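Since this is a predicted model, take the numbers as computed values, not measurements.
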Amino acid sequence: MLTSSSAYFDPNYGAFVYAGASITVRYIRIDVVDSAGSFIEAGRLVAGVRTLFGNNFVPGSSRGWIDPSRKSRTEGGQTLVQRRPKARSFELSLDFVTATDWAATIETIDRDNGLTDDVLMILDEDSTNIARDTIWGQIVDLSPVAFTAIPDVYAKQYRLEERL
């Protein structure tokens, strides 16, 4: 049983992320019970293929926040702020992508998801706060796959922005 006090849930990131073991099933049933709450708010459920790269992203990758709020000056000289929800962004550099990972993963993500379909990226599935280290978002731009000096090793960069 998973509870809201588990490591899979963090209200600061508004996410409950559980990357369970790989199984093959026809149906999934989820029972949500919260006897203390007046309502239960649920968002997206992802049940699908999980892919792990042979090599992880390299140093230099980054994460940050996007704040689309608008600031403007009034005639009286005050600053008027129109607050908007903030979103996270991840920039990943994969410098040691094998030919197998390129064909099975990179090519599939770029072809099938492109700039239009969502991607769930888990930076560290063993994290003590997996909600913080996971982003549900869209790829911002499709960078080309770069050939390296090492045969059958490629490089790829991804930039994702969280969908709210």
Side-chain angles (χ1 to χ4, degrees), residues 2-20 28 30-53 55-97 105-146 154-164:
L2 302 171
T3 65
S4 62
S5 62
S6 71
Y8 306 110
F9 178 75
D10 188 336
N12 293 319
Y13 297 96
F16 176 86
V17 179
Y18 177 71
I28 296 174
I30 298 174
D31 295 323
V32 180
V33 179
D34 187 359
S35 58
S38 59
F39 69 95
I40 296 174
E41 185 176 355
R44 295 177 176 96
L45 170 68
V46 178
V49 178
R50 184 166 94 184
T51 304
L52 299 172
F53 288 100
N55 296 303
N56 208 345
F57 55 92
V58 298
S61 298
S62 62
R63 66 171 97 193
W65 287 91
I66 301 165
D67 187 352
S69 300
R70 294 184 188 181
K71 291 171 45 174
S72 59
R73 291 259 183 211
T74 65
E75 289 182 21
Q78 286 79 26
T79 302
L80 177 65
V81 178
Q82 294 174 324
R83 294 184 186 273
R84 302 206 175 172
K86 296 167 186 64
R88 294 178 293 157
S89 67
F90 287 171
E91 293 187 20
L92 306 172
S93 294
L94 302 162
D95 286 355
F96 300 99
V97 178
T105 307
I106 301 287
E107 185 69 13
T108 304
I109 290 171
D110 289 355
R111 182 192 64 233
D112 294 348
N113 295 78
L115 300 177
T116 56
D117 291 337
D118 295 342
V119 174
L120 177 66
M121 177 75 70
I122 302 173
L123 294 180
D124 182 5
E125 67 178 358
D126 296 324
S127 172
T128 57
N129 188 339
I130 196 164
R132 177 196 61 212
D133 296 328
T134 301
I135 188 171
W136 173 269
Q138 287 183 320
I139 298 170
V140 176
D141 52 21
L142 286 175
S143 66
V145 174
Y154 306 93
K156 175 71 174 173
Q157 294 180 340
Y158 282 112
R159 194 173 82 183
L160 283 86
E161 291 183 357
E162 185 175 33
R163 297 263 325 248
L164 300 175

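- Within the 4.5 Å cutoff, the side chain of Tyr158 has no heavy atoms near those of the Val119 side chain.
- Not counting sequence neighbours, the partners of Glu107 by the side-chain contact (heavy atoms from CB on, under 4.5 Å) test are Trp102, Arg111.
- What you find for Asp117 and Asp112 is that their closest heavy atoms are OD2-O, 3.3 Å.
- When all heavy atoms of Ser89 and Ile66 are compared, the closest pair comes out as CB-CD1, 3.8 Å.
- Counting only heavy atoms from C-beta outward, the side chains of Leu94 and Ile106 approach each other to under 4.5 Å.
- For Asp124 (side chain) and Asp126 (main-chain N/O), a donor-acceptor pair under 3.5 Å exists by modelled atom type.
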*side-chain contact (heavy atoms from CB on, under 4.5 Å) between Lys71 and Leu80, intermediate numbers included*: CA-CA 6 Å; Lys71 291 171 45 174; Leu80 177 65; over 6 Å; no
*Step by step, would you call Ile109 with Ile139 a side-chain contact (heavy atoms from CB on, under 4.5 Å)?*
CA-CA 10 Å; Ile109 290 171; Ile139 298 170; 3.7 Å; yes
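- By the salt bridge (charged side-chain N to carboxylate O under 4.0 Å, His left out) test, Arg163 pairs with Asp118, sequence neighbours left out.
- For the atom pair Leu160 CG and Arg63 CZ, the distance stands at 12.5 Å (nearest 0.5 Å).
- From Thr116, atom OG1 reaches atom CD of Gln138 across 7.0 Å, with rounding to the nearest 0.5 Å.
- Side-chain atoms of Ser93 never come within 3.5 Å of backbone atoms of Ser61 as a donor-acceptor pair (strictly under, hydrogens ignored).
- For the salt bridge (charged side-chain N to carboxylate O under 4.0 Å, His left out) test, residues two or more places apart in sequence or in another chain that qualify with Asp110 are Lys156.
- One distance of note links OG1 of Thr134 with CG of Leu120; it measures 6.0 Å at 0.5 Å rounding.
- In this structure Gln82 satisfies the side-chain contact (heavy atoms from CB on, under 4.5 Å) test together with Arg70, Arg84, sequence neighbours excluded.
- Contacts of Arg88 classified as salt bridge (charged side-chain N to carboxylate O under 4.0 Å, His left out), with partners at least two apart in sequence or in another chain: Glu162.
- In this structure a side-chain-to-backbone donor-acceptor pair under 3.5 Å is missing from Glu91 to Arg159.
- Between Phe90 and Leu123, the closest side-chain pair of non-hydrogen atoms falls below 4.5 Å.
- By the side-chain contact (heavy atoms from CB on, under 4.5 Å) test, Asn129 pairs with Asp10, Tyr13, Ser127, Ala131, Arg132, sequence neighbours left out.
- Side-chain atoms of Asp67 and Ser69 form a donor-acceptor pair, as typed in the model, at a separation below 3.5 Å.
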